[in-house]
Colleague: 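Take a look at this one; I'll ask things after.
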Amino acid sequence: MKIKDSIEGCFQLMGGDFTNAGTASSELKSILSKLGVSQEVVRRAAIAAFEAEMNVIIHAVAGTMHYVVSSEEVRITLTDMGPGIQDIELAMQEGYSTAPDWVREMGWGAGMGLPNIKKNADRFKIDSVMGEGTTLEIVIYTRKD
Amino acid sequence: MLKVNDIIEKIGLDIRVSGDMYKHVTGCYISDLLSDVMAHSKDGELWITLQTHPNIVAVAVIKGLSCIVITNGRLPEPDTVKKAESENITILTTPKTTFETAGLLYNLLRSE
Ligand SMILES: Nc1ncnc2c1ncn2[C@@H]1O[C@H](COP(=O)(O)OP(=O)(O)OP(=O)(O)O)[C@@H](O)[C@H]1O
Ligand SMILES: [Mg+2]
């Protein structure tokens, strides 16, 4: 990969906008591919970004997805205005979900998103304030050691 | 390795959106839970589901799936069709159940 300076960008996300869900992550996936990031890193970044994007659409009111790509890492930061997460440890457990029934009927709400983000990230951090919102920071290293 | 168009011909599926018909079908994953497909499907797999809403296209794009097969006579929603057309994702349908479709596909992929 030949990135001298870092490259960054940002997408807006709307809570409840299921029709356009995935647009930001698909675009990020193609941006990373074009930058020549390895296929494995593109794959992991796209999966993590998409699950995080879906969580904003399902659980929050609005948010942003910001990305920075350098020769060292892909860093994706999602910030939303929303209900926040009360117990982050609980939310990280596979199978835990507060998604309403109509969202479950669409096949979301299995409580598998956050664990899968963690699995695909090299570093992963959640910060949340109840009644205000949630920030996720996902880092994937582009270099193999 | 079988391509999407070979599968359509051999097990008789209806084409709703024709994307890349020459994509290799590396296997099959079956689930109606989208985050389960996100976690466990693999690149190039054909995905059998009952879900018909637009998010199935996003899942297929992100995971690099070869095509989506909707069973039990269900049809993709109009927004799903639009999205699949713009993302070049193939959507197929069949009146058969998931079990029957999977059985046919299993024999076909194993005989290769
Ligand atoms: N951005 C967010 N804002 C508020 N709550 C969230 C957010 N992201 C996750 N959560 C909470 O954490 C829980 C677990 O999230 P996770 O992504 O693992 O599962 P899910 O979104 O409910 O289902 P799935 O991802 O399988 O469709 C959610 O049900 C919700 O309660
Ligand atoms: Mg989720």
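Protein chains get the first letters and strands the later ones, always in sequence-line order, with residue 1 at the start of each.
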Colleague: Please look at K82(B) and chain A and tell me whether the side chain, the backbone, both or neither of the residue comes under 4.5 angstrom of a heavy atom of that chain.
Modeller: neither
Colleague: With a 6.0 Å cut-off (strictly less than), is the heavy-atom count around CD of E100(B), excluding the residue itself, greater than 12?
Modeller: yes
Colleague: Hey, is E137(A) close enough to R123(A) for a salt bridge, meaning N to O under 4.0 Å?
Modeller: no
Colleague: Could you have a look at S31(B), S35(B), A58(B) and say which one has the most heavy-atom pairs with chain A under 4.5 angstrom?
Modeller: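 Among the listed options, the one with the most contacts to chain A is S35(B).
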Colleague: Under a 4.5 Å heavy-atom cutoff, which of K29(A), M112(A), M106(A), E51(A) has the most pairs with chain B?
Modeller: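 Of K29(A), M112(A), M106(A), E51(A), M106(A) has the most heavy-atom pairs under 4.5 Å with chain B.
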Colleague: Pick one of side chain, backbone, both or neither for D32(B), based on which atoms fall under 4.5 Å of a heavy atom in chain A.
Modeller: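 Contact with chain A: backbone only.
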Colleague: Under a 3.5 Å threshold, yes or no: a donor from one side chain and an acceptor from the other, between S6(A) and S70(A)?
Modeller: no
Colleague: Determine the option with the most heavy-atom pairs under 4.5 angstrom with chain B, choosing from T19(A), T23(A), V42(A), N20(A).
Modeller: T19(A)
Colleague: Using 30° and 60° as the class boundaries, would you call the ring planes of W102(A) and F18(A) parallel, tilted or perpendicular?
Modeller: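 Perpendicular: the ring planes of W102(A) and F18(A) meet at over 60°.
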Colleague: Among T49(B), T101(B), T97(B), T98(B), which residue satisfies the side-chain hydrogen bond (donor to acceptor under 3.5 Å, both in side chains) criterion with T71(B)?
Modeller: T98(B)
Colleague: Less than 4.5 Å to any heavy atom of chain A: does that hold for the side chain of V37(B), its backbone, both, or neither?
Modeller: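 No part of it gets close to chain A.
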Colleague: Is chain B contacted by the side chain of N120(A), its backbone, both, or neither, given a heavy-atom distance below 4.5 Å?
Modeller: neither
Colleague: Under 4.5 Å heavy-atom distance to chain B, tell me which part of F50(A) shows up: side chain, backbone, both or neither.
Modeller: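 F50(A) touches chain B through side-chain heavy atoms alone.
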Colleague: With L105(B), which of V69(B), V25(B), L46(B) fulfils side-chain contact (heavy atoms from CB on, under 4.5 Å)?
Modeller: L46(B)
